[in-house]
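Take a look at the structure set out below.
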4 protein chains.
Amino acid sequence: MAVARSRKGSPKGEPAKGGGFDRRGQLLAVAAELFATQGYSKTTVRDIADAAGILAGSIYHHFDSKEAMLDEILRELLSGLHERFAAIEGRDDDPRATLSELVRASFAAIDEAPHAVAVYQNESGNLAREEAFAYIGAYSARIEKIWLRVLTAGQASGVFRPDLDVKPTYLFIRDAVWSTVRWYRPGGRLRSEAVADHYLGLLYGGLL
Amino acid sequence: MAVARSRKGSPKGEPAKGGGFDRRGQLLAVAAELFATQGYSKTTVRDIADAAGILAGSIYHHFDSKEAMLDEILRELLSGLHERFAAIEGRDDDPRATLSELVRASFAAIDEAPHAVAVYQNESGNLAREEAFAYIGAYSARIEKIWLRVLTAGQASGVFRPDLDVKPTYLFIRDAVWSTVRWYRPGGRLRSEAVADHYLGLLYGGLL
Amino acid sequence: MAVARSRKGSPKGEPAKGGGFDRRGQLLAVAAELFATQGYSKTTVRDIADAAGILAGSIYHHFDSKEAMLDEILRELLSGLHERFAAIEGRDDDPRATLSELVRASFAAIDEAPHAVAVYQNESGNLAREEAFAYIGAYSARIEKIWLRVLTAGQASGVFRPDLDVKPTYLFIRDAVWSTVRWYRPGGRLRSEAVADHYLGLLYGGLL
Amino acid sequence: MAVARSRKGSPKGEPAKGGGFDRRGQLLAVAAELFATQGYSKTTVRDIADAAGILAGSIYHHFDSKEAMLDEILRELLSGLHERFAAIEGRDDDPRATLSELVRASFAAIDEAPHAVAVYQNESGNLAREEAFAYIGAYSARIEKIWLRVLTAGQASGVFRPDLDVKPTYLFIRDAVWSTVRWYRPGGRLRSEAVADHYLGLLYGGLL
DNA sequence: GATGAATGAGCGTTCATTCAT
DNA sequence: TATGAATGAACGCTCATTCAT
């Protein structure tokens with residue numbers, strides 16, 4: 001798999017024309033939903049085209065390949081995520097507040113782009129081995145470092161328990177939080193912030 | 001997709017002959033590994049056959065279809081899991097001990113059959129919608145009930161915090177625990193029981 | 001076997017474009033010839049594609065399946081045949097003239113679409129048992145009734161021998177007439193109308 | 001297709017052992033029935049083996065190939081048929097009696113070996129082009145000559161109409177008679193001899 | 001931009017056949 | 001004789017992609 005990074009059609013991902021209809025954006029949204037619900041490899045280019053009301057061949061006027069669509073979805077998600085997390089860390093609050101904000105930002109991301117997050121959850125494992133998607137690993141590593149710094153700082157300042165390894169603690173939090181994308185339904189009984197509060201409550205205070 | 005449940009070849013899943021070589025078992029193991037690492041739909045029957053050292057067509061001497069292999073992998077995992085969990089609940093220990101055992105049993109399952117668990121994690125979401133895999137939802141529901149009963153009993157007996165909804169608490173634990181299959185490597189730095197202890201420590205006592 | 005009846009490509013079976021080349025029609029003609037000469041199940045999709053000068057996969061741009069091609073060939077033949085026979089019966093000539101016309105129309109059909117008729121002769125027996133081809137039996141029954149009505153009317157009016165069961169008489173005529181497709185070659189020594197005349201002469205006057 | 005003519009197993013097609021069970025004969029009967037009802041190429045070796053209660057591979061202890069079974073079925077039918085027809089012609093009766101006997105012998109053959117006759121009807125057209133089945137054409141030609149001699153002799157002696165070409169007359173009779181195998185069911189309403197009488201009555205006297 | 005026809009590689013599966021046991 | 005595992009070629013079909021219009 002090799003991804004041509006040329007962004008066909010209108011540059012910068014902006015709508016094609018002033019009053020026009022953003023076909024690129026529509027295709028990306030449709031693709032994200034299908035990739036999330038059916039899986040990337042079970043989703044055909046025709047599926048995407050059908051859902052968008054065009055023919056399969058026409059997709060190639062907007063994107064170089066099916067993989068390029070996946071690439072754009074994941075890249076947008078990860079860069080946005082990293083940007084948010086870096087901004088939160090940059091605010092230089094105390095570690096507990098920072099950790100809380102990281103968790104809340106994660107839930108907000110799931111709320112805003114559940115399909116993209118689901119695609120990331122489901123596909124990144126296999127994708128990361130491919131050269132074209134090496135940036136996934138790079139982003140993940142940078143994001144992981146942010147979380148680890150916060151946890152370490154919290155232990156150093158005495159606000160977090162010192163007897164726990166930060167690495168598995170991070171993985172514990174990360175997995176619990178991001179896995180919610182599999183069952184969380186925007187508009188369902190549990191609102192996103194409520195789940196965030198519940199998880200933070202359990203995380204901080206423990207079950208006992 | 002329709003799965004013929006006939007178990008071709010030797011019955012009861014036992015090795016074909018006394019001193020013989022269990023080709024069925026080998027194929028199942030190979031398939032589980034490939035399904036886990038590449039995804040079910042990206043794994044071809046030829047991949048499985050190649051890894052097992054036979055030709056693709058020969059697989060059909062042992063299994064009705066590629067899907068039947070997936071079916072057998074998942075069914076075995078889920079029935080075994082349910083059996084273990086039910087046995088633990090049946091011991092009628094106090095809720096905290098029971099919960100600990102459930103968590104430890106989960107980690108043990110990941111340790112013993114990491115590929116099957118990974119397949120379940122990655123594929124069950126889309127599979128559950130298919131009639132032939134309805135049993136996945138059935139098993140999941142029965143397992144969930146066991147966990148919810150333990151959490152509820154723990155709250156009633158005062159050992160678990162009463163202010164937390166048991167449902168999201170269950171999901172929190174379940175997702176954190178099962179997600180470890182994505183990064184846990186048997187034989188790696190962290191041994192399975194160590195991760196279990198760490199997770200239980202964090203879960204019970206909280207981060208603060 | 002299930003036949004999706006969607007008529008892919010251009011609707012109504014008409015040529016795709018004004019000055020265009022009717023690939024659908026070509027494929028159907030090629031398929032009919034191969035089905036007739038090699039048998040349906042011995043004819044591969046690649047055979048058809050090769051004979052049409054395209055790749056096997058391209059067939060599926062025009063038809064849902066190999067079976068859908070067979071379906072269309074048979075449906076067209078049978079509906080046309082029934083239409084002709086019904087029109088002849090509707091003219092309300094005397095029974096002998098009507099019977100003669102039915103026989104001549106049958107020979108004309110063989111002359112015009114020998115491949116389709118041969119396919120019908122060779123495959124309909126096994127096909128009729130399949131649900132997707134139930135219409136074969138339906139058409140056959142309606143056509144049979146036309147012939148039986150004519151024979152019965154001829155006996156009632158005294159023009160046909162009254163001592164013969166109409167059913168085996170019908171089968172005798174039908175089989176003798178339609179079997180000619182197996183040896184009749186358009187453009188051969190015996191012209192179609194000549195065979196029709198010969199058969200009618202023998203049928204009406206007898207051998208003695 | 002090349003048919004090895006070696007007759008595996010017991011020679012001369014006789015039962016394997018004195019008091020034994022004739023597996024060869026059983027397989028041939030089963031194969032004839034399946035070839036007749038499903039078609040030769042849609043019948044798998046496994047179908048035959050299943051119906052006979054053995055495994056597919058075991059068939060090859062009795063026959064060299066699937067094609068060898070077809071070969072034996074057709075050869076037996078054709079040699080028997082030719083033998084009967086030649087014997088009838090050899091009796092040197094008057095042409096009308098001889099023709100009647102040929103027709104009756106044909107119906108008797110259908111009655112006795114309907115599956116073999118059906119296989120011949122359905123498959124011989126395509127088979128005749130293959131070298132290994134050239135004997136089909138040879139037998140057919142010898143049989144045709146017998147019928148043509150009888151018809152010619154009948155015309156010469158004034159008992160048959162002189163204005164009809166013998167060739168199409170022969171084809172007319174042959175096709176009408178042999179086609180009955182497609183609908184004639186031994187044990188049905190119409191007994192074989194009754195159909196023969198009906199057909200002879202129609203053939204000799206005509207419909208008018 | 002979009003269409004629709006075509007490509008070419010590959011997929012899951014079937015099946016006649018072989019052969020060691 | 002029969003079994004059961006395996007072969008290897010082929011089959012119907014799918015799909016990402018290309019391209020002339």
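Reminder, nothing fancy here: chain letters follow the sequence lines and each chain counts from 1.
Between D:Tyr60 and the phosphate of E:dT18, there is no side-chain N or O to OP1/OP2 separation shorter than 4.0 Å. Side-chain nitrogen and oxygen atoms of B:His61 include none within less than 4.0 Å of the OP1 or OP2 phosphate oxygen of E:dC15. The phosphate of E:dA5 (OP1 or OP2) has no side-chain N or O of C:Arg24 nearer than 4.0 angstrom.
Shown here, E:dA20 forms a base pair with F:dT3; the pair counts as Watson-Crick or G-U wobble because both key distances fall under 3.5 Å.
Between C:Thr43 and A:Ser58, the one whose closest nucleotide on DNA chain F sits nearer the 5' end is C:Thr43. Where D:Ile54 and C:Gly57 meet DNA chain F, the nucleotide closest to each residue was compared, and D:Ile54 sits on the side nearer the 5' end.
Atom CZ in D:Phe63 sits roughly 15 Å away from atom P in E:dA16 (whole-Å rounding). For the pair D:Gln26 CD and F:dA2 P, the computed distance is 9 Å after rounding to whole Å. If you take CG of A:Leu55 and P of F:dT21, they are 18 Å apart, rounded to a whole angstrom. Taking atom NZ of C:Lys42 as the reference point, atom P of F:dC11 lies 11 Å away to the nearest angstrom.
Within the 3.5 Å criterion, the main-chain N or O of A:Leu34 finds no donor-acceptor partner in the side chain of A:Lys42. Formation of a donor-acceptor pair under 3.5 Å by the B:Tyr40 side chain with backbone atoms of B:Glu67 is found in this model.
Remark: B:Arg24 engages B:Glu72 in a salt bridge, criterion side-chain N to carboxylate O under 4.0 Å.
Here the nucleotide nearest the side chain of A:Val45, chosen from E:dT17, F:dA16, E:dT13, is F:dA16.
For F:dG12, the base has a donor-acceptor partner in the side chain of C:Arg46 [N/O atoms by modelled type, under 3.5 angstrom].
Side-chain polar atoms of D:Tyr135 and D:Asp71 form a donor-acceptor pair below 3.5 angstrom.
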